[in-house]
Amino acid sequence: MKETLKKVLLSLSLVLCSLPGARADEGMWLIQSLDRALEKNMKARGLKLGVGEIYNEEAGGLSDAVVSLGFYCTGSMISEDGLLITNHHCAYSQVAALSTPDHNYLEDGFWAQNRSQEIPLKGETFYFLRKVLDVTDEVEALRTSLLAEGKPAGSRRLSSLMEKKYRDLYGMEAALQSMWAGSKYYLCLYNTYTDVRLVGAPPVSVAAFGGDEDNWEWPQHKADFALYRIYTDDGEPLHPTRHLKISRKGYKEGDYAMVIGYPGSTQRYASAAQITQDIFVERPEENRLHRGQMEIMRKWMEEDPEIRMKYSNTFFGLTNVAELQEGELQCVRRFGVVERRREWEEGLRACSPDNARLLDQLEAEYTSIAEVEKQKMYYRESLIRSFLMARTLMRMGSVKEVETQQRFLLEGLRGADARLEKEMLAFSVREFLTHMEPKYLKPIHLELKERFGEDFQAMAGWLWEQSCLRDMGIKPDAEVAAQYKGPITQDPLYRYIRELSIVELNEDEVLQVPLSTLRHQYVQASYLYRQSLGTPQYPDANSTMRLTYGRVLPLEPWDGVRAHWQSTARGLREKYDPARHDFAYPEAFARVLPPPDFPVNFLTDLDITGGNSGSPVLNARGELIGLAFDGNKESLASNYESVPGYNMCVCVDIRYILWVIRHLGQQTYVLQELGL
């Protein structure tokens, strides 16, 4: 009996080892939880440091130089005077917001020549992690106490109380983080800074050379970087406790590499039922809608440079998400992620009857809501997110004062173009009224169908002409906004967008147990199961500081295809095409191109996700060799599972960054500050 049990456990552990959290080099490891076992694996790959030199709350470590940019991207300090480097695509929205027809910093680039020329940014907060506390027992005690008193004890209430306590205690920003669906709780303490200024950013045609066509591809040839400076409250440059040393020695195939950053979110503890719902039920149609929206935007952006400037940030975000989701569907199917997860779940099922019941209930509940979830996707993507001015109308509907509504309308008009918006509205009307079930349609939708039949273009035209947008593009923006008198609730276009509520669709999900509860139970069961097998595991990414390590490696994306681990400036010359915006860098850059064999981008097998953008890529001695900026198309199942040999991180070489700063930006004062 014991021998049989031993064989079963060995078999289960082997299955487990093919899944997330099991391979030695894969993982987004909590920075405060680096232990001797991880250190041993890291040193086997070539690390020259001890883990205490990477993260150390008392003596300080490399992690002190790593910064969260509002928990949407990562940056790192590279000078003792507050200079920070991150990705250009992290700074994209700020650079776009600063751009005007006279000073188009997005297209032309921006290079301060001294500190007085650095441009203050609005709405930014940068976070430095200073301490992490395990407060699991305290949170559980607080929950028990609140429930005993008959008070709310949900996650928001717990976070509010815990964060206030530790904010007052330490005088720092505090954030309570749940790991493994509440199996562990950590309290993260941060120093924050809000005076952030733009120092340098290359033209988008250089930073994002190849555009969305090269996005998620290899090889790439992007100078995806931007420079910020952080200032203290007294207006002086910040003197950080640690900044990174820049290495210009390069690297070779097989060299150790690691990233410290703030990955945003993953779902590596998702059930097979959830992945099936996300990827195979909703995703195909969601991707089709995104493609339609992108085609319309791309057409108008190529036709008019002013439209390109207005919509560049929106288009950038849409294309990034669309390509990620297209690739995610392909990779989940190609690598059999659902099948592998079901195989692993057989081991989980065999552990206990409770686990078996949980898995059965998850399958039943996801099956029961499949059609409703699809309808919610159409509601979300073809109605609410249908066209840019829909957001403006919803903002107007969120307030009662006509003066505020006029202000929101004016802001929306200035950032949009009537020609593009009309075509997007027609696309929205066609997709929404074609695919939404009749029982969900409201009087305004039924009126459109009765009046115009299947003539969706006429429907959209009528909605536009009856709305507060009818004079958009005909009269000056200020005049259009001033003549609006409300109420917005009577506007047919607003009614078209807002009369159907997501609440109604949610009410059609008749569940025995809320899916959020079932998902929490699944994660907790998975955590305990892996713990019982002694398997090292890391929690899903949740914008907490993590470390991932690996090597500089080539890629074999398909049978018979091998890609080198480094791209060079030769590719900048080979891909250049003045007739295509994404492959046409400016003449000023053409004059200062590096030599053909100069390193540009490189590949590592580091495990990253959104939020890691801009993270420092460090060598075995903890020196900066580049920035993480993208993944490869074959890695796009990594939200759910990291696939060995295919999960790669695309990085920009720090030597290429320095070349651009020196020869294109001519920022002598920056290079002197860096000691270069």
Side-chain angles (χ1 to χ4, degrees), residues 285-286 288-304 306-308 310-311 313-315 317-319 322 375 377-398 405 408-436 440-475 477 480-481 483-484 488-502:
E285 280 298 283
E286 188 175 8
R288 185 184 64 80
L289 291 172
H290 287 162
R291 286 195 297 271
Q293 293 166 346
M294 286 164 55
E295 286 172 11
I296 294 170
M297 294 182 72
R298 184 182 285 111
K299 179 189 76 172
W300 286 105
M301 288 171 66
E302 290 178 354
E303 186 166 314
D304 190 330
E306 188 171 341
I307 295 179
R308 175 177 293 279
K310 286 183 176 181
Y311 287 87
N313 194 41
T314 302
F315 184 74
L318 178 61
T319 56
Q375 290 291 289
M377 184 277 298
Y378 278 116
Y379 166 85
R380 182 179 67 246
E381 299 298 335
S382 68
L383 187 67
I384 300 302
R385 298 178 183 169
S386 53
F387 60 111
L388 189 63
M389 290 305 294
R391 304 171 206 172
T392 296
L393 294 173
M394 288 189 288
R395 284 187 77 199
M396 293 170 68
S398 68
Q405 292 179 0
F408 287 166
L409 177 58
L410 180 58
E411 290 173 3
L413 292 169
R414 286 175 172 168
D417 181 87
R419 296 164 293 175
L420 186 152
E421 294 295 324
K422 287 179 181 179
E423 189 167 348
M424 290 288 272
L425 176 59
F427 177 81
S428 162
V429 170
R430 183 183 76 237
E431 293 297 335
F432 177 73
L433 293 180
T434 299
H435 293 96
M436 286 301 293
Y440 294 122
L441 299 182
K442 296 300 178 181
I444 184 68
H445 309 133
L446 297 173
E447 179 184 344
L448 287 170
K449 296 191 78 169
E450 183 177 347
R451 180 182 297 214
F452 298 103
E454 297 295 308
D455 191 344
F456 301 111
Q457 195 73 35
M459 290 182 195
W462 181 84
L463 282 170
W464 188 273
E465 290 302 320
Q466 301 302 311
S467 78
C468 61
L469 306 181
R470 58 183 166 271
D471 291 326
M472 179 181 176
I474 300 173
K475 298 180 180 179
D477 296 339
V480 175
Q483 70 188 20
Y484 166 79
I488 192 64
T489 54
Q490 299 303 311
D491 189 299
L493 186 50
Y494 176 81
R495 290 174 53 215
Y496 162 76
I497 297 168
R498 296 303 291 167
E499 282 197 0
L500 176 60
S501 168
I502 190 67

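Everything numeric here is computed off the predicted structure, so don't read it as measured data.
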Student: Is the closest side-chain heavy-atom distance between E447 and E450 below 4.5 Å?
Tutor: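 Answer no - side chains too far apart.
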
Student: Evaluate side-chain contact (heavy atoms from CB on, under 4.5 Å) for V429 paired with F452, printing each intermediate quantity in order.
Tutor: CA-CA 12 Å; V429 170; F452 298 103; over 6 Å; no

Student: To the nearest 0.5 Å, tell me how far I444 CD1 sits from Q466 CD.
Tutor: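 Going from the CD1 atom of I444 to the CD atom of Q466 covers 9.5 Å.
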
Student: Are the side chain of E421 and the backbone of L388 linked by a donor-acceptor contact shorter than 3.5 Å?
Tutor: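 Present.
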
Student: Identify the heavy atoms of G453 and M459 that sit nearest to each other, and give their distance.
Tutor: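 Scanning both residues, the minimum pair turns out to be O-CE, 2.9 Å.
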
Student: Supply the atom-to-atom distance Y379 OH to I502 CD1, rounded to the nearest 0.5 angstrom.
Tutor: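 Separation between the atoms: 5.5 Å.
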
Student: Salt bridge (charged side-chain N to carboxylate O under 4.0 Å, His left out) with D304: which residues, sequence neighbours excluded?
Tutor: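 Partners of D304 under the salt bridge (charged side-chain N to carboxylate O under 4.0 Å, His left out) test: R419.
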
Student: Closest approach of I296 and L420, non-hydrogen atoms and distance?
Tutor: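 That would be CG2-O, 4.3 Å.
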
Student: Please tell me if the side chains of M297 and M424 come closer than 4.5 Å, counting only heavy atoms from C-beta onward.
Tutor: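 Touching, per the 4.5 Å side-chain cut-off.
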
Student: With a 4.5 Å heavy-atom cut-off, do E303 and R308 have their side chains touching?
Tutor: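 Answer no - side chains too far apart.
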
Student: When the ring planes of Y378 and H435 are compared, do they come out parallel, tilted or perpendicular, using 30° and 60° as the limits?
Tutor: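 If you compare the ring of Y378 with that of H435, the planes turn out parallel.
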
Student: Just verifying a value: how many Å separate M301 CE and M294 CE, rounded to the nearest 0.5 Å?
Tutor: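 One finds 10.5 Å between CE of M301 and CE of M294.
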
Student: Only one of I384, L393, I488 clears side-chain contact (heavy atoms from CB on, under 4.5 Å) with R498; which?
Tutor: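 Passing option: I384.
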
Student: Between S398 and F408, what is the shortest heavy-atom contact and its length?
Tutor: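 Shortest heavy-atom separation between S398 and F408 comes out as OG-CE1, 4.4 Å.
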
Student: Start with the C-alpha distance between I497 and F387, add both sets of side-chain angles, then the distance that settles side-chain contact (heavy atoms from CB on, under 4.5 Å), and finish with yes or no.
Tutor: CA-CA 11 Å; I497 297 168; F387 60 111; 4.1 Å; yes

Student: Kindly give the heavy-atom pair with the smallest separation between L409 and A481, and that separation in Å.
Tutor: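 Closest pair (atom of L409, atom of A481, distance): CD2-CA, 3.8 Å.
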
Student: Rounded at 0.5 Å granularity, tell me how far CD in E454 sits from NZ in K449.
Tutor: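 If we round to the nearest 0.5 Å, E454:CD and K449:NZ are 6.0 Å apart.
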
Student: Would you say the side chain of L413 lies within less than 4.5 Å of the side chain of M389, judging by non-hydrogen atoms?
Tutor: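 They are in contact (side-chain heavy atoms under 4.5 Å apart), so the answer is yes.
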
Student: Should L448 and F456 be marked as a side-chain contact (heavy atoms from CB on, under 4.5 Å) after you check the CA-CA gap, both sets of side-chain angles, and the distance that decides it?
Tutor: CA-CA 9 Å; L448 287 170; F456 301 111; over 6 Å; no

Student: I'd like to know whether CD of Q457 has more than 12 heavy-atom contacts from other residues, nucleotides or ligands below 6.0 angstrom.
Tutor: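 Open: at most 12 neighbouring heavy atoms sit under 6.0 Å from CD of Q457.
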
Student: Go through it in stages, so that I can follow the logic: the residues are L441 and F432, the test is side-chain contact (heavy atoms from CB on, under 4.5 Å), and I'd like the CA-CA distance, side-chain angles, deciding distance and then a yes or no.
Tutor: CA-CA 10 Å; L441 299 182; F432 177 73; 4.0 Å; yes

Student: Under a 4.5 Å cut-off applied to non-hydrogen side-chain atoms, are L433 and H445 in contact?
Tutor: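 The answer is yes; the side chains approach within 4.5 Å.
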
Student: What's the separation between atom CD in E431 and atom OG in S386, rounded to the nearest 0.5 Å?
Tutor: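 One finds 11.0 Å between CD of E431 and OG of S386.
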
Student: Mark yes or no for whether Q293, through its side chain, and E381, through its backbone, hold a donor-acceptor pair below 3.5 Å.
Tutor: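 Checked: pair present.
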
Student: Is Q483 close to D471 at the side-chain level, that is, under 4.5 Å between some pair of heavy atoms?
Tutor: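 Counting from C-beta outward, D471 and Q483 do come under 4.5 Å.
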
Student: Going by atom types alone, do S428 and Y496 pair a side-chain donor with an acceptor below 3.5 Å?
Tutor: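 Yes, a side-chain donor-acceptor pair sits under 3.5 Å.
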
Student: Can you find a pair of side-chain heavy atoms, one from E295 and one from K299, that are under 4.5 Å apart?
Tutor: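 SC-SC contact between E295 and K299 ruled out.
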
Student: Within the 4.5 Å heavy-atom criterion, are M377 and L289 side-chain neighbours or not?
Tutor: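 Touching, per the 4.5 Å side-chain cut-off.
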
Student: Going from NZ on K442 to CZ on R495, what distance comes out if it is rounded to the nearest 0.5 angstrom?
Tutor: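 Interatomic distance, K442 NZ to R495 CZ, rounded to 0.5 Å: 12.0 Å.
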
Student: Using every non-hydrogen atom in the two residues, find where A390 and L383 come nearest and quote the distance to one decimal.
Tutor: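 For A390 and L383, the tightest heavy-atom pair comes out as CB-O, 4.5 Å.
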
Student: Between the side chain of R470 and the main-chain N/O of S467, is any donor-acceptor distance below 3.5 Å?
Tutor: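 Looks like yes, one N/O pair under 3.5 Å.
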
Student: So, K310 side chain and G415 main chain: donor-acceptor pair closer than 3.5 Å or not?
Tutor: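 Such a contact is absent between K310 side chain and G415 backbone.
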
Student: If you look at every heavy atom in M396 and C468, which pair is closest and at what distance?
Tutor: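 Where M396 meets C468 most closely, the heavy atoms are CE-SG, 4.3 Å.
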
